[in-house]
Amino acid sequence: MRKLLVGIVCAAAMAVPSVSPAQQQEGWSYAYTEGVATATQRDVRGRVTATLTCRPPTGDIIVTDYTLARSARGANTAAVRIGVMSVNVPMTLEGRGRNRTVVINLPQRPPILAAVQPNDRLSVTVNNQTVTYLDGGPARMREVAYGCWGS
């Protein structure tokens, strides 16, 4: 009887899906928390690869890339592109070691948002190294901007 009960418990435990960081879904998510609008992109392993944030009252959109830091040594500008429109803006490197990030401040109401088309892609280029974000990046940037500017 005891072996049967153990077998049933084990079978039930295996039937319940578990969620590990490796099973988190790749793509974009959006949150508005404590006055900050944030879109977060995760890779197939669930790691954060980029964030788009905006906080009133400045309304600047901050693009943080977690993958370009090695390529960005010595750089002080980045090209942010949505579709065919691109703007060159100042960038900084923040953090240390593996936690180093490229941080780009887009001025309030960047003109590239006005031209966003449904199939456009968002990309950032630093020192001739380009990262193209997953589908939906421009739409998430617009969502972050409107969440911030509408406050």
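No experiment lies behind these values; they were computed from the predicted model shown.
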- Query: D120 and V84: side-chain contact (heavy atoms from CB on, under 4.5 Å), yes or no, with the steps?
  - Reply: CA-CA 8 Å; D120 285 347; V84 296; over 6 Å; no

- Task: Mind running side-chain contact (heavy atoms from CB on, under 4.5 Å) on V102 and L93 for me, showing each step along the way?
- Result: CA-CA 5 Å; V102 170; L93 278 173; 3.8 Å; yes

- Assess whether side-chain contact (heavy atoms from CB on, under 4.5 Å) is satisfied between R140 and L122, documenting all intermediate values. CA-CA 10 Å; R140 290 298 186 184; L122 171 63; over 6 Å; no

- Item | Test side-chain contact (heavy atoms from CB on, under 4.5 Å) applied to T125 and R81, step by step | CA-CA 8 Å; T125 302; R81 175 180 294 277; over 6 Å; no

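The minimum heavy-atom distance between W28 and A50, with the atom names listed, is CZ3-O, 4.5 Å. Closest heavy-atom contact between A69 and R100: CB-O, 3.5 Å. G137 and L52 get closest at one heavy-atom pair: O-CD1, 4.0 Å. The two residues A37 and Y30 have their closest heavy-atom pair at CB-OH, 3.7 Å. Between L134 and R42, the shortest heavy-atom contact is CD1-O, 3.8 Å. For the residue pair N105 and V89, the shortest heavy atom distance occurs at O-CB, 4.3 Å.
No donor-acceptor pair under 3.5 Å is formed between the side chain of N88 and the backbone N or O of T77. A donor-acceptor distance shorter than 3.5 angstrom exists from the side chain of D43 to the backbone of R45, with no hydrogens or angles considered.
Taken from CG in D135 to CD in Q41, the straight-line distance is 10.0 Å, to the nearest 0.5 Å. In this structure, CG on N76 lies 7.5 Å from CE on M91, to the nearest 0.5 angstrom. For the atom pair D65 CG and T49 OG1, the distance stands at 7.0 Å (nearest 0.5 Å).
In terms of hydrophobic clustering, with Ile, Leu, Val, Met, Phe, Trp and Tyr side chains grouped at heavy-atom distances under 4.5 Å, V116 and M85 are assigned to a common cluster. Tracing side-chain contacts under 4.5 Å through hydrophobic residues (I, L, V, M, F, W, Y), one never reaches V124 starting from Y66; they form parts of separate clusters. Under the 4.5 Å side-chain contact rule for hydrophobic residues, M141 and V48 do not share a cluster. With hydrophobic clusters built from ILVMFWY side chains whose heavy atoms lie under 4.5 angstrom apart, Y32 does not share a cluster with V36. Note: the hydrophobic cluster containing L68 does not contain V103 (ILVMFWY, side chain heavy atoms under 4.5 Å, direct or indirect links).
With 3.5 Å as the limit, one finds no donor-acceptor pair spanning the side chains of T101 and E94.
Residues S29 and T40 are in side-chain contact: their nearest non-hydrogen atoms beyond the backbone lie under 4.5 Å apart. Residues L106 and V63 have side chains in contact (heavy-atom distance under 4.5 Å, counting atoms from C-beta outward).
Shown here is R55, whose CZ atom has no more than 12 heavy atoms of other residues, nucleotides or ligands within 6.0 Å.
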